[in-house]
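All of these numbers come straight from a predicted model, not from anything done at the bench. Sequence lines set the chain letters: A, B, ... in the order given, protein chains first and strands last, and positions in each chain run from 1.
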Amino acid sequence: MTDALTIKAPAGARALPRINSSAIVMTIYLVFLLLPIYWLLNMSLKTNQEILSTFSLWPRDLTFANYMTILTDSSWYMGYVNSLIYVVINTVISITVALPAAYAFSRYSFMGDKHLFFWLLTNRMAPPAVFALPFFQLYSSVGLFDTHIAVALAHCLFNVPLAVWILEGFMRGVPKEIDETAYLDGYSFGRFFTRIFMPLIASGIGVTAFFCFMFSWVELLLSRTLTSVNAKPIAATMTRTVSASGLDWGVLAAAGVLTIVPGALVIYFVRNYIAKGFALGRV
Amino acid sequence: MEKTVNQKAWLLVLPVLVLVAFSAVIPLMTVVNYSVQDTFGNNKFFWAGLEWFDEMLHSERMWNALGRQLLFSAIILAIEVPLGILVALSMPKRGFWASVCLVLMALPLLIPWNVVGTIWQIFGRVDIGLLGYTLENLGIPYNYTQHLFAAWATVIVMDVWHWTSLVALLAYAGLQSIPDAYYQAAKIDQASRWSVFRYIELPKMQGVLMIAILLRFMDSFMIYTEPFVVTGGGPGNSTTFLSIDLVKMALGQFDLGPAAAFSIMYFLVILLICWVFYTVMTNLEKRDGVS
């Protein structure tokens, strides 16, 4: 390996300027992306006293006290639990109802299918701010206010259309002959769908689940409007702390870091599908 | 793919229809209901016709918010699209570093929106934030809670930080679909770097770039959480965008009628853009054939 490198060196030198400019752009961009995140991490590992008294690029006095505060105080960690509960409920609901619908859109044409598909898209694009007040009243009147299911249902507004669009994008890649062969072999629709079709698009389902999870996780406006105590999401817990005391920067930063963790953990597995997911199954 | 005509497919779509109707149609009808009525409290409503729409159409507050919104969307598109293309072109094509870049770039996209706000709120503070502290020590006056320019700059840089990766990832996906043969042909013709970009890469990226632009426009048009956390719409009303204004009106002041009329006009604008988006998507699929 080292031999090959030394021999290649002169040739590499000539191609150097172009490669370098790309690498420089990329490095600058990544530094720009990571610097604010690093700063948050940095703050979360400092004591409040250090944050406010000295300005340092790295924690001089490394402490995990901020994380301990969050993980031992139930009003903090319940925020994460609440968020996770409604996010998971939402993901399950979205995938379950979206699977058959996406199959119908990808395989059959029926009356009004194009209009229906477009109407779903408009819901993904609808500003949550428009829906905040009516949601609040609707869920209050049916007695679902401040429950996990209310937030999960509200997030279906944009996650179900998203799931249908992404899944449809994956399903159209499966040749129709497979369906027809299965029906000829005497499979019923239900058996074919669960035994043959779903394993075929397993990666698609995984990616869709990831995106439902993510969009439900990052949303704040609706989840904050629909909850007060019992189902209060971590995002709302954080904003309350900012406005109330506005002083506990260390804990705030630690809470922020902990909200980044779930996404960062699974991102590696979906890295090649991220563009497809954000473009609603197209690309 | 040839699709068979089958009306029974409606049965498969039914669950989605019911669910989305519950979470979209009912609330939307509530909004329509409020927009044509007035109230003196006690849940007594009476017909107000198009009064609220008339009022909102002549309301300086809404036009100002709309103006700020359009300016904001225009600025971030003008920065994010070229920057995203540049980054996509600079990314390694394959191998270990391509994965590293993909993962790191996607990171800001997965951060809860209010945490994005918090990150920049901390990062920009003059006393404890790296950015604010550095600028202050360089002698540049910077305070995003008081100076109009600083507030706008912060909100824009934050959005660029948050969403440029989306444009870059989509453009990168477009670049990946270009066969190597194209580049080889260009090499034989001794094409310059610029003409490779102009005549090979840009046309191939056209479709995904359209999607990226529309998505960014749409999402920036309903931006709420990030500027709300950082500036709270201030200083004054200078960063109060449409959604922030609407939430203030509806949940803050409980001005149901005007807020509802506002919502409906807002929604109609979105519907229009959405239709453009859908047309672009379907044309794209027709042109490329079925993937």
Side-chain angles (χ1 to χ4, degrees), chain A residues 22 25-26 29-30 33 36 39-40 43 51 55 97-98 100-101 103-104 107-111 118 121-123 125-127 129-135 137-138 153-154 156-157 160 164 172 176 214 217-218 220-221 235 238-239 252 256 259-260 263-264 267-268 271 274-275 278-279 282-283, chain B residues 1 3-7 9-10 12-13 15-16 19-20 23-24 26-27 30-31 86-87 90-91 99 101-104 106-108 110-115 118-120 122-123 128 130 133 166 169-170 173 208 211 218 222 224-225 243 246-247 250-251 263 266-267 270-271 274 278 281 290:
Chain A
S22 294
V25 171
M26 215 49 225
Y29 182 65
L30 288 180
L33 287 190
W39 199 250
L40 189 76
M43 298 253 309
I51 291 171
F55 187 87
V97 299
Y103 181 79
R107 288 297 190 268
Y108 303 116
S109 81
F110 47 93
M111 209 171 66
F118 173 67
L121 180 71
T122 62
N123 288 314
M125 302 299 187
V130 168
F131 289 89
L133 177 67
F135 269 155
Q137 294 182 322
L138 175 67
L153 282 176
C156 282
L157 172 70
V160 167
V164 173
R172 69 167 69 199
K176 212 178 154 189
M214 191 195 99
W217 180 258
V218 298
L220 170 73
L221 178 54
M238 282 180 66
T239 48
L252 182 70
T259 59
I260 304 178
I267 198 168
Y268 178 79
R271 65 186 185 285
I274 283 181
F278 274 109
R282 302 309 181 265
V283 177
Chain B
M1 196 186 300
K3 291 181 184 175
T4 4
V5 178
N6 184 348
Q7 303 300 345
W10 264 102
L12 296 174
V13 187
V16 165
L19 191 64
V20 181
S23 63
I26 297 177
T30 324
V31 175
L86 180 69
V87 169
S90 308
M91 272 179 78
S99 293
C101 287
L102 279 175
V103 170
L104 289 181
L107 207 53
L110 304 172
I111 300 176
W113 295 342
N114 69 312
V115 179
T118 309
I119 288 177
W120 280 89
I122 291 175
F123 197 58
I128 56 173
L130 186 59
Y133 187 82
L166 173 65
L169 287 170
L170 285 173
V208 280
I211 296 182
M218 202 80 110
M222 49 200 210
Y224 171 80
T225 315
S243 277
L246 179 57
V247 172
L251 294 173
S263 298
Y266 193 0
F267 196 68
I270 294 281
L271 209 62
C274 214
Y278 185 70
M281 285 264 204
V290 177

Engaged part of Leu138(A) at the chain B interface, taking heavy atoms whose separation is under 4.5 Å: side chain
Leu19(B) portion near chain A, given a 4.5 angstrom heavy-atom threshold: side chain
Contacting region of Ser23(B) [heavy-atom separation from chain A under 4.5 Å]: both
Top contributor to chain A interface from Ile26(B), Val87(B), Thr225(B), Leu86(B) [non-hydrogen pairs under 4.5 Å]: Val87(B)
Interface moiety of Leu40(A) toward chain B, non-hydrogen atoms closer than 4.5 Å: side chain
Heavy-atom contact with chain A under 4.5 Å, split by part of Leu271(B): both
Region of Leu170(B) in contact with chain A, defined by heavy-atom distances below 4.5 Å: both
Which atoms of Ile111(B) approach chain A - backbone, side chain, both or neither, heavy atom under 4.5 Å: both
Shortest non-hydrogen contact between Leu169(B) and Ala275(A), atoms and distance: O-CB, 3.7 Å
Leu30(A) versus chain B, the contacting section by heavy-atom distance below 4.5 Å: side chain
For Pro100(A), all residues meeting side-chain contact (heavy atoms from CB on, under 4.5 Å), sequence neighbours excluded: Leu12(B)
Atom pair CG/CD1 of Leu107(B) and Ile267(A) - distance to nearest 0.5 Å: 5.5 Å
Contact origin within Tyr268(A) toward chain B - heavy atom pairs under 4.5 Å: both
Stepwise side chain to side chain contact (heavy atoms under 4.5 Å, CB included) check, Tyr108(A) with Trp10(B): CA-CA 10 Å; Tyr108(A) 303 116; Trp10(B) 264 102; over 6 Å; no
Under the side chain to side chain donor-acceptor pair (under 3.5 Å) test, residues paired with Thr259(A) that sit two or more places apart: none
Per-residue contact mode, Met111(A) against chain B (heavy atom under 4.5 angstrom): both
Per-residue contact mode, Leu104(B) against chain A (heavy atom under 4.5 angstrom): both
Under 4.5 Å from a heavy atom of chain B, the part of Phe118(A) involved: both
Under 4.5 Å from a heavy atom of chain B, the part of Trp217(A) involved: both
Proximal component of Met91(B), with respect to chain A [non-hydrogen, under 4.5 Å]: both
Engaged part of Ile274(A) at the chain B interface, taking heavy atoms whose separation is under 4.5 Å: side chain
Nearest non-hydrogen partners of Phe131(A) and Ala24(B), listed with the distance: CE2-O, 3.6 Å
